[in-house]
Amino acid sequence: MKVHFDSIGMRFGGVRVLDDINLSVNAGEFVCILGPSGCGKSTLLNIVGGFVTPTEGRVTIDGEPVTGPDPRRIFVFQERGVFPWLTVEENIGFGLFRQKDDEKRARIARYVQLVGLQGFERSYPRELSGGMKQRLEVARALAVDPDVLYLDEPFGALDSITRLQMRRELLRIWQAERKTILFVTHDIEESVQLADRVVVLSARPGRVRRVVDVNLAHPRDLSDPRYIALRDEIFGEIGLAHQI
């Protein structure tokens, strides 16, 4: 589904958080929204998710205005969203109450396999590693067959090695499912590794500074000069020199 932001502005009290955001995200596209802390990235995601009404402008999905949350569009948050009292298969099947039992079992099995949790179907979240719990949350989101996935810094609480693994997992899943993805991050490396396009926001009030096309095939070689050039270009765009 195509997502369109039309002149979005947002104020909280006397504070202007977002200003004149215009952006289109194509069906099946992976777009990262990148910017410094406090620039309104998460607010923008909450607006497109229908949890917050913008002060100015509107968001449409396939031409229809967003007026509230919709089960066809699913959030994955940094904080763990899995239910600790449910097993892996129960968590994945939580939103599938309208399906017949055999269809539900088949769908659960499909997503258990897709995210690599075979053998843990009857495990509880407390028995899983951080990366496995994050994969479980992605599986639960995908199982309901959403049109759009919104991810708000989903790997921010993970260690660096697990983060790299989860990026690879998410890319593999996205390539298999081809859902439209909006992914909020403040990590430049993460955005260039994952996205078709990187939307760079300014400091508050958040404005679109630039949209960077990442025309590199997956999986991306992090030592490729073209990758490094794009990464450093974004560092320069937000006013930082990438130095070691």
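A quick note: this is a predicted structure, and the numbers were derived from the prediction, not measured. Residue indices begin at 1 and follow the sequence shown.
- Summarising the geometry of Leu34 relative to His186, their closest heavy-atom pair is CD1-C, 3.6 Å, with the distance given to 0.1 Å.
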Please tabulate, for side-chain N and O atoms in residues 48-74, each donor-acceptor pair with protein atoms closer than 3.5 Å (sequence neighbours left out).
unit_1: Thr55; atom_1: OG1; unit_2: Arg11; atom_2: N; d: 2.9
unit_1: Glu56; atom_1: OE1; unit_2: Arg16; atom_2: NH2; d: 2.8
unit_1: Glu56; atom_1: OE2; unit_2: Arg16; atom_2: NH1; d: 3.1
unit_1: Glu56; atom_1: OE2; unit_2: Arg16; atom_2: NH2; d: 3.3
unit_1: Asp62; atom_1: OD1; unit_2: Lys2; atom_2: N; d: 2.8
unit_1: Asp70; atom_1: OD1; unit_2: Arg72; atom_2: N; d: 2.8
unit_1: Asp70; atom_1: OD1; unit_2: Arg72; atom_2: NE; d: 3.0
unit_1: Asp70; atom_1: OD2; unit_2: Arg72; atom_2: NE; d: 3.2
unit_1: Asp70; atom_1: OD2; unit_2: Arg72; atom_2: NH2; d: 2.7

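- A salt bridge does not link Arg105 to Glu90: none of the charged side-chain nitrogens sits closer than 4.0 Å to a carboxylate oxygen.
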Does the salt bridge (Lys or Arg N to Asp or Glu O under 4.0 Å) test come out yes or no for Arg110 and Glu177, once each step is laid out? CA-CA 12 Å; Arg110 174 187 173 187; Glu177 297 284 303; 2.6 Å; yes

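- In this structure the side chain of Pro146 reaches within 4.5 angstrom of the side chain of Val144, judged on heavy atoms.
- At a threshold of 4.5 Å between non-hydrogen side-chain atoms, the residues Tyr227 and Leu216 count as touching.
- For the pair Ala27 and Thr180, the tightest heavy-atom approach, listed with the atom from each and the gap, is CA-OG1, 3.4 Å.
- The two atoms that bring Val148 and Leu182 nearest to each other are CG1-CD1, 4.3 Å, heavy atoms only.
- For the pair Asp213/Val198, no side-chain contact is recorded, criterion being any heavy-atom separation below 4.5 Å from C-beta on.
- Here Thr87 contributes atom OG1 and Leu136 contributes atom CG; the two are 9.0 Å apart, rounded to the nearest 0.5 Å.
- Follow the hydrophobic side-chain contacts under 4.5 Å out from Phe94 and you never reach Tyr124; the two are in separate clusters.
- Using a 4.5 Å heavy-atom threshold, the side chains of Ile173 and Val115 count as touching.
- Lys41 and Asp152 are not joined by a salt bridge, as no carboxylate oxygen comes within less than 4.0 angstrom of a charged side-chain nitrogen.
- The residues Glu189 and Arg220 are annotated as not salt-bridged, no charged nitrogen and carboxylate oxygen being separated by less than 4.0 angstrom.
- Side chain of Asp196 to backbone of Phe30: a donor-acceptor contact under 3.5 angstrom is found.
- Under the 3.5 Å distance criterion, with hydrogens and angles disregarded, no donor-acceptor pair is assigned to the side chains of Tyr111 and Glu89.
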Gln175 vs His218, side chain to side chain donor-acceptor pair (under 3.5 Å): CA-CA, chis, key distance, verdict: CA-CA 9 Å; Gln175 289 173 320; His218 290 294; 5.1 Å; no

Could you give me the CA-CA distance, side-chain angles and deciding distance for Val200 and Val211, then say whether side chain to side chain contact (heavy atoms under 4.5 Å, CB included) is met? CA-CA 6 Å; Val200 183; Val211 179; over 6 Å; no

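- Between Glu190 and Arg167 a salt bridge is recorded (basic side-chain N to carboxylate O distance below 4.0 Å).
- Atom CZ of residue Arg209 and atom CD1 of residue Ile234 lie 12.0 Å apart, to the nearest 0.5 angstrom.
- Linking ILVMFWY residues whenever their side-chain heavy atoms come closer than 4.5 Å, directly or via other members, places Leu171 and Leu149 in the same cluster.
- The closest side-chain heavy-atom distance from Arg107 to Leu96 is below 4.5 Å.
- Residue Ile108 holds its CD1 atom at 12.5 Å from CG of Leu117, rounded to the nearest 0.5 Å.
- At least one side-chain heavy atom of Leu201 sits less than 4.5 Å from a side-chain heavy atom of Ile33.
- Here Ser123 pairs with nothing under the side-chain hydrogen bond (donor to acceptor under 3.5 Å, both in side chains) rule; sequence neighbours left out.
- Between Ser7 and Asn22, the shortest heavy-atom contact is N-OD1, 2.8 Å.
- Figure legend: cation-pi geometry between Arg178 and Trp174, with NZ or CZ positioned under 6.0 Å from the six-membered ring centre and within 45° of its axis.
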Phe97 vs Lys104, side chain to side chain contact (heavy atoms under 4.5 Å, CB included): CA-CA, chis, key distance, verdict: CA-CA 8 Å; Phe97 50 87; Lys104 183 175 179 178; 5.6 Å; no

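- Of the possible donor and acceptor atoms, one in the side chain of Glu29 sits under 3.5 Å from a partner among the backbone N and O of Asn26.
- A pairwise comparison of heavy atoms in Phe183 and Leu170 identifies CE1-CD2, 3.7 Å as the closest pair.
- Annotation: His4, atom NE2; neighbour count of heavy atoms from other residues, nucleotides and ligands within 6.0 Å is above 12.
- Proximity of a side-chain donor or acceptor of Glu121 to a complementary backbone N or O of Gly119 within less than 3.5 Å is detected.
- Cluster annotation: Leu222 is connected to Val212 through the hydrophobic network of ILVMFWY side chains, with a link wherever side-chain heavy atoms come within less than 4.5 Å.
- Take Thr43 and apply the side-chain contact (heavy atoms from CB on, under 4.5 Å) test, not counting sequence neighbours, and it matches Met10, Phe12, Val17, Leu18, Ile47.
- How far CD of Gln193 is from SG of Cys32: 10.0 Å, rounded to the nearest 0.5 Å.
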Can you check side chain to side chain contact (heavy atoms under 4.5 Å, CB included) on Arg210 and Glu233, steps first, answer last? CA-CA 11 Å; Arg210 187 174 173 193; Glu233 187 178 327; 2.3 Å; yes

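- No cation-pi contact links Arg135 to Phe120, judged by a cut-off of 6.0 Å to the six-membered ring centre and 45° from its axis.
- Residues Ala203 and Pro36 approach most closely at CA-CG, 4.0 Å, considering heavy atoms.
- The shortest distance between side-chain heavy atoms of Val31 and Ile181 does not fall below 4.5 Å.
- Using a 4.5 Å heavy-atom cutoff, the side chains of Pro84 and Arg126 are not in contact.
- Counting only distance, with no hydrogens or angles, the side chain of Ser202 and the backbone of Pro205 share a donor-acceptor pair below 3.5 Å.
- With hydrophobic clusters built from ILVMFWY side chains whose heavy atoms lie under 4.5 angstrom apart, Ile188 shares a cluster with Ile228.
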Show, in sequence, the C-alpha distance, side-chain angles and deciding distance for Ser223 and Asp221, and conclude whether the side chain to side chain donor-acceptor pair (under 3.5 Å) test is met. CA-CA 5 Å; Ser223 64; Asp221 180 354; 2.7 Å; yes

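- Separation of atoms CZ (Arg163) and CZ (Phe155) is listed at 10.5 Å; rounding is to 0.5 Å.
- A salt bridge does not link Glu137 to Arg140: none of the charged side-chain nitrogens sits closer than 4.0 Å to a carboxylate oxygen.
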Let's go through Glu169 and Val138 carefully: what are the C-alpha distance in whole Å and the side-chain angles of both, what is the deciding distance for side chain to side chain contact (heavy atoms under 4.5 Å, CB included) to 0.1 Å, and is it a yes or a no? CA-CA 10 Å; Glu169 285 295 317; Val138 171; over 6 Å; no

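- Under a hydrophobic-cluster definition in which Ile, Leu, Val, Met, Phe, Trp and Tyr are linked whenever side-chain heavy atoms come within less than 4.5 Å, directly or via other members, Leu44 and Val15 are assigned to the same cluster.
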Is there a salt bridge (Lys or Arg N to Asp or Glu O under 4.0 Å) between Arg204 and Asp19? Walk through the geometry before answering. CA-CA 9 Å; Arg204 192 175 67 221; Asp19 184 46; over 6 Å; no

